[in-house]
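These notes are about the structure you will find just below.
Start at 1 and go down the list; that is how both ligands and their atoms are numbered. In this text the structure is predicted, and so the values were computed from the model without any measurement.
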Amino acid sequence: MEKTLAVNAGSSSLKWQLYEMPEEKVIAKGIFERIGLAQSMSTVKFNGEDHKREIDIVDHRQAVLLLMDELIHFHLISEFREITGIGHRVVAGGELFKDSVLIDKNVLDQIKSISNLAPLHNPANAAGIEAFMKLLPDATAVAVFDTAFHTSMPEKAYRYPIPNKYYRNYSVRKYGAHGTSHMYVSREAAKYFDKPLEDLKIITAHIGNGASITAVDGGKSVDTSMGFTPLGGVMMGTRSGEMDPSVIPFLLENDPDLNSAQEVIDMFNNQSGIRGVSELSSDMRDLEKSRDAGDANSILAYEMFVDRLKKYISQYFGVLNGADALVFTAGIGENDRKVREDVVNGLSWFGMEINPERNYRGVVGEISTADSKVKVLVIPTDEELVIARDVEKFK
Ligand code: ADP
């Protein structure tokens with residue numbers, strides 16, 4: 001039986017999902033958390049059960065060794081050789097990678113060479129790749145890039161209006177993120193409508209802890225809200241989204257606690273968004289509880305969150321000159337009726353009308369009325385499946 005692992009190595013975590021391919025059956029999934037920190041944790045899920053344990057994990061290499069041990073221990077594989085494919089999510093592919101690639105030493109070096117585009121993520125992705133290369137040298141190893149889907153953006157969309165030399169010399173441009181998710185849900189939407197993707201204009205809203213909106217024209221990303229890094233675009237769980245860059249030197253001059261541009265950026269990335277404004281939590285479920293209890297900061301954070309979503313979605317109606325569908329996905333997009341309702345009702349001028357009963361029931365598929373000119377869909381994303389499928393292409 002052929003098995004494929006989809007691996008997503010973050011700065012201090014490693015998420016994995018084990019598939020039986022080509023059947024696309026999920027055998028098990030899990031996560032190593034707090035790698036390199038105190039109280040590291042491993043969770044393995046299969047057959048509806050969670051197996052958690054606390055265990056010291058110093059680095060990604062050790063996490064990979066532990067993962068293989070656990071797969072054997074839980075009889076999810078009987079020998080290492082059963083894993084014939086490994087797909088690695090890589091956050092930044094820069095301008096080098098327009099599609100998924102078979103990993104060799106050269107590709108690994110290239111992934112490392114563009115680490116400046118994702119300083120927390122690419123080194124972790126590379127560490128995960130190297131660990132598996134040593135342990136499973138014969139498996140088909142494929143890198144799947146979060147930025148690849150967005151490499152179809154036209155230059156007018158991806159360039160920043162600053163002197164050309166910064167693009168030429170330093171590759172400063174918009175790269176976007178969440179590409180596998182935007183690609184997957186736009187293709188699923190075309191299947192849902194039973195229409196060729198080439199004939200559709202779709203706005204995809206991936207709204208989780210990280211969030212981005214993409215304009216998809218004929219199956220190609222033509223603009224997306226995240227920028228040079230995932231800090232751009234809409235307000236998120238802990239990220240500010242779009243900011244006027246003049247705030248950076250202003251804060252450095254005025255706040256004695258902020259001592260470098262990097263510290264300001266870290267604050268925009270980790271202490272901002274829903275967390276920064278609510279002063280309570282970065283999590284939407286927590287925010288809604290405190291909002292409903294009447295907490296003023298939480299009410300404001302929620303209103304700002306919806307406002308930023310509306311602004312980016314309406315921009316993309318402009319970019320596409322009209323759209324056939326708006327697709328909601330990821331943790332908030334898939335589960336939060338109120339956010340969907342507030343966004344769609346606030347954009348009714350564009351010809352969208354929500355079906356409150358379908359929206360409330362949380363159906364997968366259409367949540368707009370029969371008369372709605374722009375269809376509104378909820379489609380659960382599945383980035384791991386995209387990764388596992390891409391591995392199959394190289395076998
Ligand atoms: P990540 O970017 O970490 O992958 P997810 O896509 O898992 O994030 O989304 C996490 C967000 O989804 C959190 O803000 C969480 O509160 C929210 N969320 C998950 N389930 C629900 C739900 N049932 N109702 C509202 N929000 C939800």
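Contacts of ligand 1 (protein heavy-atom distance under 4.0 Å) are Gly208, Asn209, Gly210, Asp283, Met284, Arg285, Ala330, Gly331, Ile332, Asn335, Asp336.
Under the 6.0 Å cut-off for aromatic ring centres, His150 and His178 do not qualify, their centroids lying 6.0 Å or more apart. The ring of Phe46 has its center closer than 6.0 angstrom to the ring center of His51.
The side-chain tip of Arg168 does not point at the ring of Tyr170 from less than 6.0 angstrom away and within 45° of straight on.
Checked against salt bridge (charged side-chain N to carboxylate O under 4.0 Å, His left out), Lys220 has no partners two or more places apart in sequence or in another chain.
In this structure, Tyr158 and Tyr167 have tilted ring planes: the angle between them lies in the 30° to 60° band. In this structure, Phe317 and Phe350 have parallel ring planes: the angle between them is below the 30° cut-off, well short of the 60° mark.
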